[in-house]
Amino acid sequence: MKKHSAKVAPASSFSVSELHAAIIDGGDGLQSNTENSTEDAEKSRCQSCTSTFLKFVWGFLIILSVSSSWVGTTQIIKITYKNFYCPFFMTWFSTNWNIMFFPVYYSGHFAMAQEKQTMLQKIRECSRIFGEDGLTLKLFLKRTAPFSILWTLTNYLYLLALKKLTATDVSALFCCNKAFMFLLSWIVLKDKFMGVRIVAAIMAITGIVMMAYADGFHGDSIIGVALAVGSASASALYKVLFKMFLGTANFGEAAHFFSTLGFFNLIFISCTPVILYFTKVEYWSSFSALPWGYLCGVAGLWFAFNILVNVGVVLTYPILVSIGTVLSVPGNAAIDLLKHEVIFSVVRLGATIIICLGFLLMLLPEEWDEITLRFINSLKEKKSEEHTEDVAESSIHTRSRSRANGTVSIPLS
């Protein structure tokens with residue numbers, strides 16, 4: 001019988017102690033990876049909290065700036081009317097300032113962007129809002145003309161309304177543009193139906209009727225209300241058409257579009273104030289007699305308002321920009337009451353409050369009902385958890401007290 005020699009496997013290069021050390025090192029590596037992941041999670045949380053906090057800070061500043069610029073624009077127009085009443089010339093002059101919109105945007109881009117582009121490159125990039133081919137002469141006339149007309153009509157009717165009504169009434173009626181925009185979007189763009197926004201639209205219409213009824217449906221009041229409502233309607237149509245034909249635009253594209261509107265106004269609308277001047281509909285003795293300080297103040301604040309609205313959407317939440325717009329109503333009311341000593345009737349005050357409440361209802365998000373239900377359910381869950389904890393704690397205290405009483409009652413031997 002031959003003895004088969006068993007093949008012995010080669011010994012492992014790791015000893016037991018080395019293997020144990022490797023296991024310990026592996027455990028330490030896993031622990032360090034876990035610690036790193038928790039640190040990364042904490043950093044991301046801190047960064048998200050910081051960004052949210054900064055958004056709210058910017059939002060607060062934007063709210064103050066938007067409301068202040070709109071109040072300032074409205075009040076300076078009222079002051080200008082005391083010595084100079086040429087609303088179309090003021091509209092044309094203020095719209096020309098939109099030409100500076102893109103240069104202001106490009107200055108910010110050149111100062112802050114890491115990858116800088118030339119102005120021509122930036123113009124070509126931002127002109128894509130008009131299509132893949134950019135801005136052509138055909139598109140310039142086709143797309144810019146209707147928006148320029150609606151822009152001029154909105155501002156011109158607003159200025160006409162300020163001659164008939166107080167600044168508070170006009171700014172409140174202009175807030176109805178949010179309700180009109182919802183109705184147009186629902187009909188034309190087939191946007192989602194929301195019952196709460198229908199209620200807000202009904203509130204806006206109720207406020208308009210109450211505002212017209214305040215002076216008995218006659219005189220300058222009904223004309224002023226009609227002009228302000230026309231301005232709000234033109235503004236709503238402008239925004240719906242912009243959404244339909246041009247879609248959403250970033251800040252650069254919006255700046256390019258506003259500058260294009262300014263150029264169109266300067267080239268094609270300039271004939272209108274000339275005609276009004278020679279027909280003496282809007283006439284002034286000489287250019288030196290014009291109140292250039294007030295005119296530049298109105299144009300500058302209007303320009304600042306448009307910049308702040310577009311910048312605010314980038315820096316903070318859009319809802320905060322809208323809140324800044326509606327806060328111009330109490331701002332104008334405070335100035336009218338304190339400086340101009342305007343006495344508000346109960347009907348006008350009620351109409352203003354109803355319109356502002358309707359405007360705020362329009363700001364509710366589409367999923368507001370789901371968000372509200374989730375919030376209520378979370379509150380109920382917290383209350384139920386607190387209740388169970390209280391019951392558990394009370395049962396523990398009861399048991400401890402019973403045990404304590406039992407030990408005391410046992411007699412000593």
Side-chain angles (χ1 to χ4, degrees), residues 62 64-108 144 147-163 167 170-171 174 177 227-228 231-232 234-235 238 251 254-277 281-312 321 324-325 328 331-332 335:
I62 289 292
L64 291 179
S65 303
V66 166
S67 59
S68 301
S69 59
W70 193 240
V71 169
T73 303
T74 307
Q75 292 297 329
I76 293 175
I77 290 169
K78 295 288 286 185
I79 295 170
T80 309
Y81 279 172
K82 293 178 181 178
N83 300 316
F84 182 77
Y85 180 66
C86 294
F88 194 90
F89 176 79
M90 293 171 67
T91 303
W92 172 82
F93 181 75
S94 300
T95 306
N96 286 336
W97 283 48
N98 284 347
I99 295 172
M100 297 187 294
F101 214 112
F102 190 81
V104 169
Y105 161 74
Y106 182 75
S107 300
T144 312
F147 290 108
S148 181
I149 292 168
L150 286 172
W151 177 279
T152 303
L153 187 64
T154 299
N155 297 333
Y156 180 56
L157 292 176
Y158 188 86
L159 265 66
L160 287 175
L162 283 172
K163 184 67 175 177
V170 177
S171 58
F174 189 74
N177 69 339
L227 291 170
S231 176
S235 174
Y238 171 93
F251 186 37
H256 185 277
F257 183 76
F258 277 112
S259 292
T260 308
L261 283 182
F263 277 113
F264 187 93
N265 181 76
L266 183 63
I267 297 169
F268 295 101
I269 312 275
S270 296
C271 59
T272 307
V274 174
I275 294 170
L276 294 176
Y277 175 80
V281 176
E282 291 188 0
Y283 182 79
W284 56 90
S285 57
S286 63
F287 281 96
S288 60
L290 291 175
W292 290 111
Y294 290 133
L295 292 175
C296 292
V298 170
L301 285 173
W302 222 325
F303 179 69
F305 173 79
N306 291 319
I307 285 183
L308 287 167
V309 167
N310 287 276
V311 170
V321 179
T325 305
S328 64
N332 280 314
I335 294 174

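Annotation: the span from Tyr158 atom OH to Leu162 atom CG amounts to 5.0 Å, rounded to 0.5 Å. Atom CZ in Phe263 sits 11.5 Å away from atom OG1 in Thr144 (nearest 0.5 Å). Rounding to the nearest 0.5 Å places CZ of Phe305 at 9.5 Å from OG of Ser67. Thr152 contributes atom OG1, which lies 10.5 Å from atom CG of Leu157 (distance to the nearest 0.5 angstrom). Here the CG atom belonging to Leu227 is positioned 5.5 Å from the CG atom belonging to Leu160, to the nearest 0.5 angstrom. Rounded to the nearest 0.5 Å, atoms CD1 (Ile149) and OG1 (Thr154) are 11.5 Å apart.
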Please lay out, stage by stage, how Phe303 and Phe258 fare under the test side chain to side chain contact (heavy atoms under 4.5 Å, CB included).
CA-CA 10 Å; Phe303 179 69; Phe258 277 112; over 6 Å; no

For Ser69 and Leu308, what are the C-alpha separation, side-chain angles and deciding distance, and is it a side chain to side chain contact (heavy atoms under 4.5 Å, CB included)?
CA-CA 9 Å; Ser69 59; Leu308 287 167; 4.1 Å; yes

For Ile269 and Ser148, what are the C-alpha separation, side-chain angles and deciding distance, and is it a side chain to side chain contact (heavy atoms under 4.5 Å, CB included)?
CA-CA 9 Å; Ile269 312 275; Ser148 181; 4.2 Å; yes

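Minimum interatomic distance between Ser235 and Asn177 (heavy atoms only, all atoms of both residues): OG-ND2, 3.3 Å. Shown here for Trp70 and Ser328, the closest heavy-atom pair between the two residues is CD1-OG, 3.3 Å. Contact between Leu301 and Gly72 at its shortest, heavy atoms only, is CD1-C, 3.5 Å. The shortest non-hydrogen separation linking Phe268 to Cys271 is O-SG, 3.5 Å. Nearest heavy atom pair, residue Gly324 against residue Val66, reads C-CG1, 3.8 Å. The heavy-atom pair separating Thr74 from Ala167 by the smallest distance is CG2-CB, 3.5 Å.
Listed by chain and residue number, Thr95 satisfy the side-chain hydrogen bond (donor to acceptor under 3.5 Å, both in side chains) test with Trp151 (two or more places apart in sequence, or in another chain).
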Please set out all donor-acceptor pairs under 3.5 angstrom arising from side-chain atoms of residues 96-103, sequence neighbours excluded.
residue : atom : partner : partner atom : Å
Asn96   : OD1  : Asn265  : ND2          : 2.6
Asn96   : ND2  : Trp92   : O            : 3.4

Contacts table for residues 80-91: side-chain donor-acceptor under 3.5 angstrom, sequence neighbours left out:
residue : atom : partner : partner atom : Å
Thr80   : OG1  : Ile76   : O            : 2.6
Tyr81   : OH   : Leu159  : O            : 2.7
Thr91   : OG1  : Pro87   : O            : 2.8

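For Phe147 and Phe264, the ring centers are positioned 6.0 Å apart or more.
Put simply, the side chain of Ser231 does not reach to within 4.5 Å of the side chain of Tyr156, judged on heavy atoms.
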